[in-house]
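Here's the structure we're looking at; comments come further down.
Below, chain A is the first sequence line, B the second, and so on; all start at residue 1.
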Amino acid sequence: MIPLDSLNIKQREAVETTKGPVLVNAGPGSGKTRVITYRIANLLTNCGINPYNIVALTFTNKASREMSSRISNLTTDLRNSLTISTFHHFCSRILRYNATSINLDSNFSIIDDSDRLSIIKNVMTELKIDPKITPPRVILSAISNAKSLLLNTDGFKANASDNFKSMVYECYQLYEKQLHLSQVVDLDDLLLKVFFMLKSNNSILKTYQNRFEHLMIDEFQDTNIAQYEIAKLLSNQHRNICVVGDPDQSIYSWRNADIRNILDFKKYYSDAKIISLSENYRSSQTILTAAQSIISSNKNRIHKDLWTQNSKGHPVCLTETFNEREEATTILNEVQRLVSEEKMKLSDIAIMYRVNALSRVLEEVCIQNGIPYILVGSIKFYQRQEIKDLLAYLKLIANPKDDTSLIRIINTPSRKIGKKTISDLSSIANVLNLTIFDTLKQIVEEKIPPELQKRLNRGSLEKIKGFYKLLKQLLDIPENTAISEIITRIIEKTQYEEYLKHHFDHFEERLENITEFKNIAWDFSKNNEENSLILFLERISLVNDTDNIDETSSEYLTLITLHQAKGLEYPIVFIIGMEEGMIPHIKSMDSDAEMEEERRLCYVGFTRAKQKLYLSRTFRRGYRGGYERNIPSRFLNDLPKELTFVASEISEPTEYEDDWVNQEYQSPPSKYSSPKNTKTRFNQSSKSIRYDINKDVNPKENKISIGDHITHATFGKGLVTHVRKLGNDYEITIAFTDNKGIKKFLLSMAPITKD
DNA sequence: CAACCTTGCTTTTTT
DNA sequence: AGCAAGGTTG
Ligand SMILES: Nc1ncnc2c1ncn2[C@@H]1O[C@H](COP(=O)(O)OP(=O)(O)OP(=O)(O)O)[C@@H](O)[C@H]1O
């Protein structure tokens with residue numbers, strides 16, 4: 001039996017109402033995810049439901065992993081055959097299994113955003129739409145929006161009321177045609193196609209309806225229409241659907257998430273049991289009050305009670321630093337202090353930020369200080385040129401119809417097949433209504449009409465035949481060959497390494513990336529019984545991160561975006577970049593709705609913290625080449641002063657910034673470093689772990705006390721008026737001569753010498 | 001067709 | 001700022 005006495009009455013009600021629709025609408029830390037995990041454990045162990053009949057859907061990969069591990073902690077009952085995954089993964093599996101029923105090759109590959117964009121660009125060229133006037137991205141997002149509203153081309157046509165929409169419609173049609181020809185799908189298709197498949201094929205629908213007796217959705221506020229409709233279809237037979245969510249934590253509206261789903265749920269399932277939870281078990285009173293002071297300014301919301309029995313705890317710590325490097329140093333010093341002095345574990349701590357770009361400096365400083373860290377998601381490892389090239393070869397092996405991948409590598413490495421030849425080839429393929437690969441095949445087998453063949457001169461023809469032969473060789477690699485071995489063969493056959501060496505300055509780093517890629521492939525084969533290229537590719541399309549480290553067994557610091565942090569919790573949370581333009585982000589500033597979402601995002605961040613929350617801002621931040629002055633985020637103004645304390649105050653920015661820029665640091669920034677969250681990196685970091693408090697400050701040599709006369713490299717002579725311990729460092733206040741004023745510095749950083 | 005030079009863009013957030 | 005696509009020249 002799973003004991004349910006560690007749940008409060010309301011939670012228990014939600015867990016034990018195993019029949020019929022249930023909606024839990026409750027604030028952060030009130031135990032919504034706990035309800036789902038206990039509910040599953042209860043169904044398995046107490047009700048004897050077969051795990052095969054249970055499905056729990058989440059929104060992000062991180063959340064789904066979190067849920068699996070929480071359930072493992074509760075019960076060991078047959079949880080292997082439980083279905084816990086993201087909507088996209090879930091749909092991908094259904095689609096692959098039933099692909100043939102909708103005339104789709106079950107080896108279909110999933111294209112990424114940049115592939116989508118290049119298809120759109122081609123389509124636009126074909127339709128003679130000027131990409132300068134209508135950016136392809138706009139078309140792409142219109143199509144993507146349509147798909148998440150379950151509008152296929154026909155549905156879209158019915159709605160295409162104005163000029164713009166009819167233009168989009170034309171693009172949409174051709175785009176779909178190309179996808180179908182290539183036997184590929186995009187991410188939105190995973191949902192859309194599954195929906196229409198279930199809708200139109202009653203026997204498939206029945207199969208899944210029968211199977212999924214119990215359906216649960218976490219973070220329901222972030223589902224889009226397509227996801228919700230799929231969930232409705234699947235649960236319509238047993239009607240055991242339990243959704244949990246919090247409108248105040250809706251932060252994915254830009255991805256077409258729609259909180260109206262919550263309202264509709266109440267309407268559609270008029271018999272739904274609606275449960276609200278109002279006790280927060282996660283955060284200290286201070287953190288909770290701070291968070292509420294942020295969210296309560298939103299006009300477009302319904303107030304929810306949220307209280308906690310937890311103690312008041314620590315005040316919210318505000319740090320203000322001069323620039324992003326000092327910010328990183330200060331925070332990581334504090335992290336090390338927490339570990340060495342307050343017995344915190346690195347895994348208790350997370351540093352969060354609005355934009356991925358902010359992780360860069362943190363990483364550098366972590367590496368310098370030997371702090372093991374894990375960077376969640378982000379880094380565009382799979383978007384690097386060399387990796388995309390290899391992926392294109394792999395995709396082509398899995399699915400030769402994939403034109404986009406073929407075009408990508410037809411002349412990479414250079415085979416003297418240029419633009420002209422490629423466009424001729426495409427036009428022939430177009431006329432014959434064949435994929436490029438099939439066209440090549442016809443050409444080689446000399447089956448195409450001579451008047452078409454004429455378009456290619458003899459030189460090109462030879463080169464094309466050479467390329468086709470190469471492809472054939474790759475396709476002949478036996479299916480059971482390990483993926484890493486396939487990659488090795490590709491590299492051999494195409495002489496890819498020689499190509500890199502010849503063409504790029506950073507080729508060593510690119511070669512390292514390739515080695516890393518092979519390692520990832522090798523790990524994958526090791527952990528997956530069936531050595532399936534298709535599954536490998538699918539994983540790469542749907543899971544953004546490369547790590548498969550056991551998350552609980554190792555000690556490292558977490559670096560994560562606010563978005564990905566949703567649903568997670570950490571004893572200690574740092575949020576950096578609390579500046580206007582960052583949070584709230586500049587791009588959200590001219591829309592009230594988006595501004596409210598920024599506020600919610602901030603609220604989500606605050607409420608991740610259990611014990612201690614640190615907020616950090618800088619006076620200046622190097623961003624996109626510029627070096628901008630920042631003003632504090634408006635959200636900081638909303639915090640009641642009595643809840644906060646300011647940890648460090650640096651003097652107003654002055655000329656001394658140059659000293660900052662010249663501070664020596666290791667590891668020059670390079671895009672071409674190895675992937676950020678792999679074992680390699682992890683091992684490197686943990687090997688050099690060293691928690692030396694006095695690393696930066698050597699008190700013996702730098703001993704500076706009140707009354708000392710010093711000389712500062714920029715400001716000249718001055719008198720020390722204050723010395724205060726600050727983390728592992730000291731903050732010293734100096735009164736300078738010659739009316740240069742009073743300024744504060746960090747001892748470890750300031751270029752000063754004792755007179 | 002490839003090498004070289006110039007322009008233009010980084011989505012904010014993720015499946 | 002730095003990279004990659006796009007345009008131009010050899
Ligand atoms: N009844 C309870 N007794 C003790 N601890 C609880 C109880 N309910 C929840 N908790 C704890 O509170 C924390 C937050 O729970 P949970 O993550 O389920 O909240 P949530 O509502 O899903 O939060 P969020 O909306 O932020 O995702 C967890 O550490 C959980 O173990």
Side-chain angles (χ1 to χ4, degrees), chain A residues 57-64 85-92 110-114 116-118 121 131-132 135-138 140-141 144 147-148 185-191 219 222-224 226-227 250-257 352-360 376-380 383-385 388 411-422 457 459-460 463 502-506 538-545 560-566 577 581-589 594 597-598 600-602 604-605 622-627 668-672:
Chain A
L57 297 173
T58 63
F59 208 59
T60 61
N61 291 297
K62 185 92 182 141
S64 105
S85 75
T86 63
F87 268 100
H88 286 86
H89 253 294
F90 177 70
C91 289
S92 176
I110 302 167
I111 56 173
D112 67 18
D113 249 30
S114 61
R116 291 177 88 165
L117 207 56
S118 66
K121 281 179 190 161
K132 293 230 167 65
R137 209 166 273 289
V138 172
L140 176 58
S141 81
S144 179
K147 288 190 174 183
S148 27
V185 302
D186 62 32
L187 285 160
D188 300 312
D189 280 337
L190 294 175
L191 306 172
E219 311 286 4
D222 285 319
T223 50
N224 65 27
Q227 292 164 330
S250 153
I251 53 177
Y252 282 97
S253 69
W254 50 273
R255 219 173 90 178
N256 303 310
M352 303 179 183
Y353 34 83
R354 177 67 172 86
V355 298
N356 281 306
L358 296 197
S359 70
R360 179 82 160 262
V376 178
S378 124
I379 294 309
K380 284 102 185 160
Q383 287 168 36
R384 291 178 186 179
Q385 225 173 245
K388 285 209 74 172
N411 201 31
T412 311
S414 169
R415 301 185 179 90
K416 305 206 188 308
I417 300 175
K419 242 186 256 159
K420 175 76 170 53
T421 314
I422 294 174
N457 63 42
S460 317
K463 287 162 198 152
H502 182 238
H503 276 269
F504 300 97
D505 298 339
H506 295 288
E538 174 171 295
R539 191 191 139 89
I540 290 173
S541 305
L542 297 179
V543 183
N544 220 5
D545 53 15
I560 190 171
T561 61
L562 288 166
H563 280 88
Q564 293 203 88
K566 186 173 56 126
M582 219 63 227
I583 334 177
H585 196 272
I586 189 147
K587 298 235 170 171
S588 299
M589 289 205 178
E594 284 178 49
E597 184 146 316
E598 295 289 314
R600 292 194 292 271
L601 187 59
C602 188
V604 167
Y623 190 56
R624 281 245 259 276
Y627 197 50
S670 162
K671 186 179 169 196
Y672 288 100

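- If you check B:dT14, C:dA5, B:dT11 against the side chain of A:His563, the one that comes closest is B:dT14.
- A distance-only check finds no donor-acceptor pair linking the side chain of A:Asn356 to the backbone of A:Thr561 [under 3.5 Å].
- One atom, CG of A:Leu191, and another, P of B:dT15, lie 13 Å apart when rounded to the nearest Å.
- A:Phe87 comes within contact range of no nucleotide atom at all, as no heavy-atom separation falls under 4.0 Å.
- To the nearest whole angstrom, the two C1' atoms, one in B:dT13 and one in C:dG2, are 23 Å apart.
- In this structure, A:Leu358 places its CG atom 9 Å from P of B:dT13, rounding to the nearest Å.
- Straight-line distance from the CG atom of A:Asp222 to the P atom of B:dT13: 16 Å, rounded to whole Å.
- For the pair A:Glu597 CD and B:dT14 P, the computed distance is 13 Å after rounding to whole Å.
- Taking atom P in both B:dT11 and B:dT7, the straight-line distance is 22 Å, to the nearest Å.
- Going from atom CZ of A:Arg600 over to atom P of B:dT13 covers 18 Å, rounded to whole Å.
- Within 4.0 Å (heavy atoms only), A:Asp113 reaches at least one base atom of the nucleic acid.
- Here A:Gln564 reaches the OP1 or OP2 of B:dT14: one of its side-chain N or O atoms lies under 4.0 Å away.
- With sequence neighbours excluded, the residues forming a salt bridge (charged side-chain N to carboxylate O under 4.0 Å, His left out) with A:Lys388 are A:Asp112, A:Asp115, listed by chain and number.
- Residue contacts shown for A:Ile586 are absent, as no nucleic acid heavy atom lies under 4.0 Å away.
- Phosphate proximity of B:dT14 to A:Asn256: absent, as no side-chain N or O sits under 4.0 Å from OP1 or OP2.
- Within the 4.0 Å cut-off from OP1 or OP2 of B:dA2, at least one side-chain nitrogen or oxygen of A:Ser414 is found.
- The phosphate of B:dT14 (OP1 or OP2) has no side-chain N or O of A:Asn61 nearer than 4.0 angstrom.
- Rounded to an integer number of Å, the gap from CG of A:Leu57 to P of B:dT15 is 15 Å.
- Comparing A:Arg255 and A:Arg415 by the nucleotide of DNA chain B that holds the closest heavy atom to each, the one mapping nearer the 5' end is A:Arg415.
- Distance alone, capped at 3.5 Å, places no donor-acceptor pair between the A:Gln227 side chain and the A:Phe87 backbone.
- Mapped onto DNA chain B by nearest heavy atom, A:Arg137 and A:Tyr252 fall at different nucleotides, with A:Arg137 at the one closer to the 5' end.
- Counting any heavy atom pair closer than 4.0 Å across all strands shown, A:Glu594 reaches a base atom.
- The phosphate of B:dC1 (OP1 or OP2) has a side-chain N or O of A:Thr421 nearer than 4.0 angstrom.
- Which of B:dT14, C:dA4, B:dT11 sits closest to the side chain of A:Gln385 comes down to C:dA4.
- Rounded to whole Å, atom P of C:dC3 lies 18 Å from atom NZ of A:Lys388.
- In terms of modelled atom types and a separation under 3.5 Å, the side chain of A:Thr223 and the main chain of A:Glu219 share no donor-acceptor contact.
- Taking the side chain of A:Val355 as heavy atoms from C-beta on, and the options B:dT11, B:dT13, B:dT15, the nearest nucleotide is B:dT13.
- For the pair A:Met582 CE and B:dT11 P, the interatomic distance rounds to 12 Å; values are reported in whole Å.
- Contact check for A:Trp254 versus A:His563: side-chain heavy atoms found under the 4.5 Å cut-off.
- A:Asp186 is linked by a salt bridge (charged side-chain N to carboxylate O under 4.0 Å, His left out) to A:Arg116, A:Lys147, counting only residues two or more places apart in sequence or in another chain.
- Aromatic stacking of A:Trp254 on B:dT13: satisfied, with centres closer than 5.5 Å and planes within an angle under 30 degrees.
- Phosphate contact (OP1/OP2 of B:dT10, side-chain N/O of A:Asn356, threshold under 4.0 Å): absent.
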